[in-house]
Amino acid sequence: LTMETRYLAFNGAVARWRRDTSEQRSGTASLRVEHDTRYAEEVYSTLSQRIRVQPDKDYELRFWVKCDEVDEQGGLVVRVAPSTDNWDRFKVQIGQEHRLTGRELRLPFRWPSRDVDIRFSAEGRVRAWIDDVTVVPVHQSARGVAAFVTGSGGAGSPAAIPPCTRPGG
């Protein structure tokens, strides 16, 4: 995601998505998310970027996240899906377990289309930082299932989150 990417706020959401040099995993800055509106249906702020991938190939979205405030309901959400699909089917909530300590997360995905949107959303009160967002191809294991490397779950280890695939895929 580039710093020139703009966020959108919907249905009265009060939010700021900005470059922040006070907290980052690497480099000189991260993306700071401040969403002040409590959780309500269809009230959210979001930032997304479309990327091009090879159809039906396994990929992994990797990013670092740190939260210092998260509503019980809502919070920071990530989705990876074609823009024409139903976004709520692919919602992965980044919960309380990532509070205060930064952590790398990995989200495997595979789609039949070439264009895929990576979308971060704030749905309810949240203060968070996002950094080092990358998409990498994943090598296949002998069984034909994506082989994902996950850490022990410690604060510095990557954690796997549920995959995004097309229905039946």
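Keep in mind that the numbers below use all heavy atoms, side chains included, and drop hydrogens, waters and symmetry copies.
With values rounded to the nearest 0.5 angstrom, R119 atom CZ is found 9.0 Å from R50 atom CZ. I130 contributes atom CD1, which lies 7.5 Å from atom CG of L47 (distance to the nearest 0.5 angstrom). Taking CZ of R110 as the reference point, atom CD of E60 lies at 13.5 Å (rounded to 0.5 Å). Interatomic distance, R127 CZ to K66 NZ, rounded to the nearest 0.5 Å: 14.5 Å.
By the 4.5 Å heavy-atom criterion applied to side chains, L61 and R79 are not counted as neighbours.
Taking the side-chain hydrogen bond (donor to acceptor under 3.5 Å, both in side chains) definition, one finds that S26 meets it with D132, sequence neighbours left out. Checked against ring-ring contact (aromatic ring centres under 6.0 Å, His included), Y39 has no partners two or more places apart in sequence or in another chain. The side-chain hydrogen bond (donor to acceptor under 3.5 Å, both in side chains) check on R16 picks up E34, D36, with sequence neighbours excluded. Looking at residues two or more places apart in sequence or on another chain, you find no side-chain hydrogen bond (donor to acceptor under 3.5 Å, both in side chains) involving T37.
No continuous path of hydrophobic side-chain contacts links V77 to V33 [ILVMFWY only; heavy atoms under 4.5 Å]. Under a hydrophobic-cluster definition in which Ile, Leu, Val, Met, Phe, Trp and Tyr are linked whenever side-chain heavy atoms come within less than 4.5 Å, directly or via other members, Y7 and V43 are assigned to different clusters. No path of Ile, Leu, Val, Met, Phe, Trp and Tyr side chains, each step under 4.5 Å between heavy atoms, connects V92 with V136, placing them in separate hydrophobic clusters.
The two residues S45 and A15 make their nearest non-hydrogen contact at OG-CB, 3.4 Å. Minimum heavy-atom separation, A29 to T21: CB-CG2, 4.1 Å. Closest approach of P108 to R106, counting heavy atoms only: CD-O, 3.7 Å. Across all non-hydrogen atoms, the minimal contact from Q93 to G75 is NE2-N, 4.1 Å.
Ring geometry for F120 versus F63: interplanar angle over 60°, hence perpendicular rather than tilted (30 to 60°).
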Worked verdict on L105 versus R103 for side-chain contact (heavy atoms from CB on, under 4.5 Å): CA-CA 6 Å; L105 298 181; R103 184 153 181 195; 4.3 Å; yes
message: Under the criterion side-chain contact (heavy atoms from CB on, under 4.5 Å), I'd like the reasoning laid out for T46 against H35: C-alpha separation, chi angles, the key distance, then a yes or no.
response: CA-CA 10 Å; T46 187; H35 187 94; over 6 Å; no
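Under the 3.5 Å distance criterion, the side-chain polar atoms of D131 are matched with a main-chain donor or acceptor of R25. A donor-acceptor pair under 3.5 Å is formed between the side chain of S30 and the backbone N or O of E23. No donor-acceptor pair closer than 3.5 Å links the side chain of Y59 to the backbone N or O of W111.
Residue W129 belongs to a hydrophobic cluster whose other members are W64, with links defined by side-chain heavy atoms closer than 4.5 Å. Through direct or relayed side-chain contacts under 4.5 Å between Ile, Leu, Val, Met, Phe, Trp and Tyr, Y44 connects to L8, F10.
For the side-chain contact (heavy atoms from CB on, under 4.5 Å) criterion with V80, the lone passing option out of V116, D117, V135 is V116.
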